[in-house]
Amino acid sequence: MKKLISVLKDKLEEGFEKAGYDKKYGFATVSNRPDLCQYQCNGAMAAAKEYKKAPIQIAADVIEQLKEDSTFEKIEAVNPGFINITVSGDVLAELARKMMTEEKFGLELPQQPKTVVIDYGGPNVAKPLHVGHLRPAIIGESIKRILRYMGDQVLGDVHLGDWGLPIGLIITELRKRQPGLPYFDEQFDGEYPAEPPFTISDLEEIYPYASGFSKEHEDYLHEAQQATAELQDGRRGYRALWQHILNLTVTDLKRVYDKLNVDFDLWKKESDVQDYIPDMVEKLKADGLAYESEGALVVDVTEETDKKEIPPCIVVKSNGATLYATTDLATIVERGKLFSPDEIIYITDKRQELHFTQVFRVAKKAGLAGADTEFLFIGIGTMNGADGKPFKTRDGGVLRLEALKEDVDRKVLERIKENRDYEEDKAAGIAEKVGLAAVKYGDLSNQAAKDYIFDIDRFTSFEGNTGPYILYTIVRIKSLLAKYERGGGALEEKGKPELLKKPDNDSETALYLTLAKFADTMEAAYAERAPHKICQFVYELSESFNAFYHGNKILGNEDASKKASYIQLIVLVKNMLEQCIELLGFSAPERM
């Protein structure tokens, strides 16, 4: 289905061409003066220099060719040469009918869908998720959903950190605390216990203690480093402990991510790519890319266009140890072999931009993935507290992600109880859904790269540009439609397009025009990997609907055909809003 802006472009190109001008000047934009018109064309201004004519004369010539076209309710030339456009109500109604009947509201999908891997988790085992994990999780989840909606085959990968010193520290501390466990007996050749000798809570206490202790006791650190090396070399007891740690961690992570409505297709780990590293390193050497510098193995990644120095990428340290760059490169090799992706997207802290610039350049130079594989780093800003600094607990600690969500749910529950009298369990269920919308919308409505202030009072407000406001709008629509059905009205899931009539007042027209922006919104969100574009649209659509709701008599309308048309329009708004928030990663309750 053609977008409205494309329909207008075609008409304007035709008008310019018939008037004797190059059709390239026939383009339309949303008006920056909505009080004067809906769309505008500034092409006459641009054409004036080429044709050595006054812009207003060119605009008048074009309008002469288009003034009888039924696409336009009104089209006029305005000094010094603008073409102001008001679209016909019949065109708006026909566009809405097509949105109701066609798949994905008539959205035209890219002709060549891609296979995309999105790396957007990055938690480490044995550590709880904290607020720093929030943004990559929910931004990545939304981008994954947007790409899938647009037809791409997308795999979301959590990419766990499970293979470094943290595991060695845990093993070392466990050996101090429980030396009699069979895992530490190198002569033990039986079956290790099926159940781990610790809980996830134990791990969350053991690791910080061991990490802190190792910073003050060099011999302890050496023990942990030795344990890490033995784990990686395949020591049987240590591998069994590592598997216990991994199992507990993944179970707990899935539980927390489930509360955030974040779902990973792949639970790959750093350890999965260890077998790729030796061959990859040998390839880098054989190709003449890797060379020794101060004992380390490095690859130059500078390019002529660099405006600042990009240091060489260290692939193997002087002591023979691998780094994040090594495992990230090996992961690219694995992803290429397993999935043949057209694109790999990494979503993490923007301070890691240099690291990924180095990794991508090495991967390209060495041909570690397909020749046409694209790499994209989406660097995200920080979620800050009211003081403008990274979000902390009151005592200065790092807040657990689960605790943050509970705080938001609690705040939403208070607001719900202020306005409604619900049973406790029903109120809690509603608060959980609304709380998720508050957190996700509060984050996603910001551009990914920008820092933002996490303001729990603002984010949980039922007014303004917030998640709860969007949900409240959807619930209002559901309530209105339910009342319509209770009064004997019949509804269909996608509505009855044949009942939809052209708008007859300003608020209805504005609602039609906002609906017409859906395709442009989705194309921009897809092209730019930008969920905030959908947030902007959802808020505008909610505002347009609420203005329409307050400005028109709907269920009580005495004109049966107008009432029926209003209902169909509302069904379309509801379906579109629900689709958009699904792409953002949350859903609306039935009541609020």
Side-chain angles (χ1 to χ4, degrees), residues 30-31 33-38 73 86-87 89 92-93 95-96 99-100 105 412 415-416 418-420 430 434 437-438 441 445 458-489 491 495-496 499-518 521 534-581 588-592:
V30 175
S31 173
R33 286 289 307 274
D35 55 318
L36 298 178
C37 60
Q38 298 164 353
E73 185 79 30
T86 299
V87 181
L92 293 177
L95 185 71
M99 285 183 177
M100 294 176 77
F105 307 102
V412 170
R415 292 185 183 276
I416 289 173
E418 286 173 6
N419 301 310
R420 297 284 190 277
I430 294 170
V434 178
Y441 189 89
S445 57
R458 182 170 73 83
F459 287 2
T460 58
S461 173
F462 283 46
E463 298 176 353
N465 189 8
T466 69
Y469 170 73
I470 305 303
L471 295 194
Y472 187 76
T473 301
I474 296 172
V475 169
R476 167 176 276 168
I477 294 173
K478 288 182 176 181
S479 176
L480 188 151
L481 294 176
K483 189 174 180 180
Y484 172 73
E485 285 190 297
R486 288 196 299 272
L491 290 175
K496 300 176 182 177
L499 299 179
L500 200 60
K501 297 185 176 298
K502 70 177 184 178
D504 64 0
N505 61 68
D506 289 346
S507 65
E508 189 181 7
T509 299
L511 186 52
Y512 273 94
L513 288 168
T514 305
L515 287 164
K517 295 179 182 179
F518 175 75
T521 298
I534 295 177
C535 292
Q536 292 168 356
F537 172 74
V538 162
Y539 179 59
E540 184 179 350
L541 184 55
S542 297
E543 286 278 84
S544 293
F545 167 75
N546 284 313
F548 167 76
Y549 175 83
H550 290 296
N552 295 278
K553 185 183 287 187
I554 299 172
L555 295 184
N557 201 303
E558 295 173 359
D559 185 327
S561 66
K562 184 178 289 187
K563 174 181 173 180
S565 180
Y566 284 174
I567 291 298
Q568 305 317 309
L569 180 60
I570 291 169
V571 169
L572 176 57
V573 172
K574 168 185 165 292
N575 290 343
M576 192 172 285
L577 282 173
E578 288 186 323
Q579 177 59 70
C580 286
I581 66 170
E590 294 301 313
R591 300 171 62 195
M592 277 177 69

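Positions are given from 1 along the sequence. Model, not experiment: these values are computed from the prediction.
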Which heavy atom in [X] sits nearest to a heavy atom in [Y], and how many Å separate them?
| X | Y | result |
| --- | --- | --- |
| Arg591 | Val475 | CA-CG1, 3.9 Å |
| Pro589 | Val434 | CG-CG2, 4.3 Å |
| Ser507 | Ala547 | CB-O, 4.1 Å |
| Gly89 | Pro503 | O-CD, 3.6 Å |
| Thr466 | Arg458 | CG2-O, 3.2 Å |

Once you round to the nearest 0.5 Å, how far does [atom1] of [X] lie from [atom2] of [Y]?
| X | Y | atom1 | atom2 | result |
| --- | --- | --- | --- | --- |
| Leu92 | Gln38 | CG | CD | 6.0 Å |
| Met100 | Lys496 | CE | NZ | 10.0 Å |
| Asn465 | Phe459 | CG | CZ | 10.0 Å |
| Leu577 | Ile470 | CG | CD1 | 7.5 Å |
| Tyr469 | Thr473 | OH | OG1 | 4.5 Å |
| Ile474 | Arg476 | CD1 | CZ | 12.5 Å |

Is it true that a side-chain atom of [X] and a backbone atom of [Y] form a donor plus acceptor pair closer than 3.5 Å?
| X | Y | result |
| --- | --- | --- |
| Thr86 | Glu73 | no |
| Arg415 | Phe462 | no |
| Thr514 | Ala510 | yes |
| Ser544 | Glu540 | yes |
| Ser542 | Val538 | yes |

**OP:** In sequence, state the C-alpha distance, the side-chain angles, and the governing distance for Ser565 and Leu499, and then conclude on side chain to side chain contact (heavy atoms under 4.5 Å, CB included).
**Re:** CA-CA 5 Å; Ser565 180; Leu499 299 179; 5.8 Å; no
Original post:
Between Tyr539 and Tyr441, is a ring pair (Phe, Tyr, Trp, His ring centres under 6.0 Å) present by the stated rule, with each step listed?
Top reply: CA-CA 10 Å; Tyr539 179 59; Tyr441 189 89; 7.6 Å; no
Any side-chain heavy atom of [X] within less than 4.5 Å of one from [Y]?
| X | Y | value |
| --- | --- | --- |
| Thr509 | Val87 | no |
| Tyr512 | Met99 | no |
| Ser31 | Leu36 | no |
| Ile570 | Phe548 | yes |
| Leu569 | Leu515 | yes |
| Leu471 | Ile581 | yes |
| Ile554 | Ile567 | yes |
| Asp559 | Tyr566 | no |

Subject >> Carboxylate-amine/guanidinium contact Glu578 Lys478, below 4.0 Å >> reply: yes
Subject >> Chi angles and distances behind the side chain to side chain contact (heavy atoms under 4.5 Å, CB included) call for Lys562, Asn552 >> reply: CA-CA 11 Å; Lys562 184 178 289 187; Asn552 295 278; over 6 Å; no
Subject >> Criterion side chain to side chain contact (heavy atoms under 4.5 Å, CB included) on Leu572 and Phe105, from CA distance to verdict >> reply: CA-CA 9 Å; Leu572 176 57; Phe105 307 102; 3.9 Å; yes
**OP:** Evaluate the criterion side chain to side chain contact (heavy atoms under 4.5 Å, CB included) for residue pair Phe518 and Leu541; output intermediate values, then yes/no.
**Re:** CA-CA 9 Å; Phe518 175 75; Leu541 184 55; over 6 Å; no
Original post:
Considering residues, nucleotides and ligands other than Tyr484, do more than 12 of their heavy atoms fall under 6.0 Å from its OH?
Top reply: yes
